[in-house]
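First up is the structure itself, then whatever we jot down about it.
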Amino acid sequence: PQFDFHTFLSNYVNSYSPHYFLLLMCVVPMSFILFRHPSIGKKNLTKYHFVLATLVVMSLLDSVDHQLDLFKGQYVFDVNIRKVICIFCYMIKPTVAMCVVYTIVPKDSKIRHFIWIPLAVNFIAYSFNFFPATSFFTITENNEWIQTGPIDGLVYFGFVSAGIYVLLLIAFSIYSFRSRNFCEGFSVLFSTAMVIIGYIVEAAKSIFNLGNNAMAVACLFYMLFLIIKFASFDPLTDLHNRQAFYVDIRDEKRINAIISIDTNGLKEINDKYGHIRGDEALKTISDKISHCVRKGSIAYRVGGDEFVVTCQGFSEEKVKAICECIRDNINNKTEFSVSIGYAMRGEEDSIRQMIVRADNMMYHNKAVIKEELEKNKTEEHSGMIPPKPIERTNIRKKKK
């Protein structure tokens, strides 16, 4: 029979709209929200837009496959097109999952370096299906389109790679539970579970596109989750910001120690050498603080040159060890210096009282450092070791 493209297109639109209405309703506004979002880096923006575009492409291809299925193999081309679409869909779904996992897993995690391996294996395995001699499935004239070929084991690669990414998301959820971020961990775990349930119900009840919609909504949730996370970090130092500090200390009973840190002479550095040099000082100091904090402690930048570290369940010896580590790594190993104070929690102490005591110790430490500097003051000394002068090359003067 002659193929009626107009009828196919009409049926396609009528089928796509109800099945993917919610997906489009989520993806389109999210695309505009993410457009040049000030709190997200350029790389992350590109990654998020790629995920959104991939979800739309996946929905378009799935709808084409669904419509061609209605022809029941009446045309030669619909069988071949369905085969190509199926191969691409098997490749795309793990790609979306990989992008989500890559943004969820912490940057300092060693797992991050191996995340690409399942996706690469998946791509290589399914590439064989473009060759009929090795294809793990074919679409027969009777529309029995899942038929194993010579390398029938290839069919399992897609499920294995997707399963690996699901396990990674679950592992991240468990990590969040262990780090006492219960709400974050539960949210990630719930969304991951809904994706799994969606695909199981779709396969068992033949409900078209339930799994894909669940995957799309989960991806959008992950992006929103990460945007909220970005809003709690300082863009210069990558430490938690003041807003995150206020949220974390609200009715927080587990914090039993506060460390207060203040940069010495930052104003003089900004005045003499410029704010770019001052930003370099803050970045160096924050990196050293991050190096010294331990599991159960969180570092914040709460002001221009002020930092705070909260500790949960630490003994005074461990708190002193963190203070000494910060002081040694900054004051003795960089050209900058900081003043440090700490306070342990008493039986009836509030967070505010701990902060006041830690600040008082820090200001006392600052006064001692300033007095020592005054004794050995030079013309260039600003309360911090001055940066090395910039070597200027000889520039020939232009003749008038």
Side-chain angles (χ1 to χ4, degrees), residues 232-234 236-271 275 278-279 281-294 296-334 336-375 381-385:
S232 65
F233 283 87
D234 177 57
L236 175 64
T237 62
D238 288 332
L239 299 180
H240 290 76
N241 58 22
R242 190 183 190 94
Q243 179 182 353
F245 175 67
Y246 286 145
V247 171
D248 290 347
I249 65 174
R250 187 183 302 165
D251 299 326
E252 181 54 71
K253 303 297 183 182
R254 290 187 293 266
I255 296 177
N256 73 319
I258 293 286
I259 300 174
S260 180
I261 307 166
D262 190 81
T263 307
N264 296 327
L266 183 64
K267 183 178 183 302
E268 288 80 358
I269 286 184
N270 286 330
D271 293 342
H275 287 278
D279 288 346
L282 293 172
K283 189 69 176 69
T284 300
I285 291 170
S286 64
D287 289 342
K288 298 300 182 182
I289 293 174
S290 298
H291 174 74
C292 292
V293 294
R294 303 178 182 180
S297 60
I298 303 176
Y300 306 83
R301 182 191 177 196
V302 295
D305 60 351
E306 301 167 4
F307 303 87
V308 170
V309 178
T310 60
C311 303
Q312 298 181 5
F314 280 33
S315 64
E316 187 168 2
E317 288 73 18
K318 288 185 177 180
V319 175
K320 287 182 178 179
I322 293 176
C323 294
E324 289 300 323
C325 177
I326 294 172
R327 182 181 292 109
D328 179 63
N329 277 274
I330 297 175
N331 294 12
N332 298 334
K333 298 179 180 179
T334 72
F336 311 111
S337 72
V338 293
S339 300
I340 305 176
Y342 74 91
M344 302 299 297
R345 190 168 203 157
E347 293 182 359
E348 298 182 356
D349 279 346
S350 64
I351 294 288
R352 177 181 174 83
Q353 291 172 327
M354 293 168 63
I355 294 173
V356 171
R357 293 208 313 274
D359 284 345
N360 289 338
M361 181 184 288
M362 179 269 294
Y363 286 125
H364 175 75
N365 180 236
K366 183 180 286 287
V368 172
I369 292 176
K370 186 176 181 180
E371 184 179 349
E372 292 177 354
L373 291 175
E374 288 292 336
K375 295 178 181 178
H381 224 300
S382 62
M384 304 173 82
I385 301 174

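For K288, the side-chain hydrogen bond (donor to acceptor under 3.5 Å, both in side chains) test picks out no residue, with sequence neighbours left out. Qualifying ring pair (Phe, Tyr, Trp, His ring centres under 6.0 Å) partners for Y300, counting only residues two or more places apart in sequence or in other chains: H240, F245. Every side-chain hydrogen bond (donor to acceptor under 3.5 Å, both in side chains) that D262 has, sequence neighbours left out, goes to K366. Residues forming a side-chain hydrogen bond (donor to acceptor under 3.5 Å, both in side chains) with K318 (at least two apart in sequence, or on another chain): none. With sequence neighbours left out, the side-chain contact (heavy atoms from CB on, under 4.5 Å) criterion links T284 to T334, F336. With sequence neighbours left out, S339 forms a side-chain hydrogen bond (donor to acceptor under 3.5 Å, both in side chains) with N264. Legend: residues meeting disulfide bond (SG atoms under 2.5 Å apart) with C292, ordered by chain and number and at least two apart, are C325. In this structure Y342 satisfies the ring pair (Phe, Tyr, Trp, His ring centres under 6.0 Å) test with no other residue, sequence neighbours excluded. Residues passing the salt bridge (Lys or Arg N to Asp or Glu O under 4.0 Å) test with D279: none are found, sequence neighbours excluded.
Other residues, nucleotides and ligands contribute at most 12 non-hydrogen atoms within 6.0 Å of the NZ atom of K267.
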I326 vs V293, test: side-chain contact (heavy atoms from CB on, under 4.5 Å). Steps then yes/no.
CA-CA 9 Å; I326 294 172; V293 294; 5.5 Å; no

Taking it one step at a time, do I340 and F307 satisfy side-chain contact (heavy atoms from CB on, under 4.5 Å)?
CA-CA 9 Å; I340 305 176; F307 303 87; over 6 Å; no

Hey, mind stepping through I258 and V309 against side-chain contact (heavy atoms from CB on, under 4.5 Å) and telling me if it holds?
CA-CA 6 Å; I258 293 286; V309 178; over 6 Å; no

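Applying the salt bridge (Lys or Arg N to Asp or Glu O under 4.0 Å) test to residues at least two apart or on different chains, the pairs with a partner in residues 320-331 are E324-R327, D328-K333.
Looking only at side-chain heavy atoms (C-beta outward), D238 and S286 stay at 4.5 Å or farther from each other. Using a 4.5 Å cut-off on side-chain heavy atoms (C-beta onward), T310 and D248 make no contact. Residues V338 and N331 have side chains in contact (heavy-atom distance under 4.5 Å, counting atoms from C-beta outward).
Distance OG/S232 to CG/L239: 11.5 Å, rounded to 0.5 Å. Going from atom CD1 of I261 over to atom CD of E306 covers 11.0 Å, rounded to the nearest 0.5 Å.
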Check: residues 352-359 side-chain donor-acceptor pairs under 3.5 Å, at least two apart:
{"residue": "Q353", "atom": "OE1", "partner": "S350", "partner atom": "N", "Å": "2.9"}
{"residue": "R357", "atom": "NH1", "partner": "D349", "partner atom": "OD2", "Å": "2.9"}
{"residue": "R357", "atom": "NH2", "partner": "M344", "partner atom": "O", "Å": "2.4"}
{"residue": "R357", "atom": "NH2", "partner": "D349", "partner atom": "OD2", "Å": "3.2"}
{"residue": "D359", "atom": "OD1", "partner": "S260", "partner atom": "OG", "Å": "2.6"}

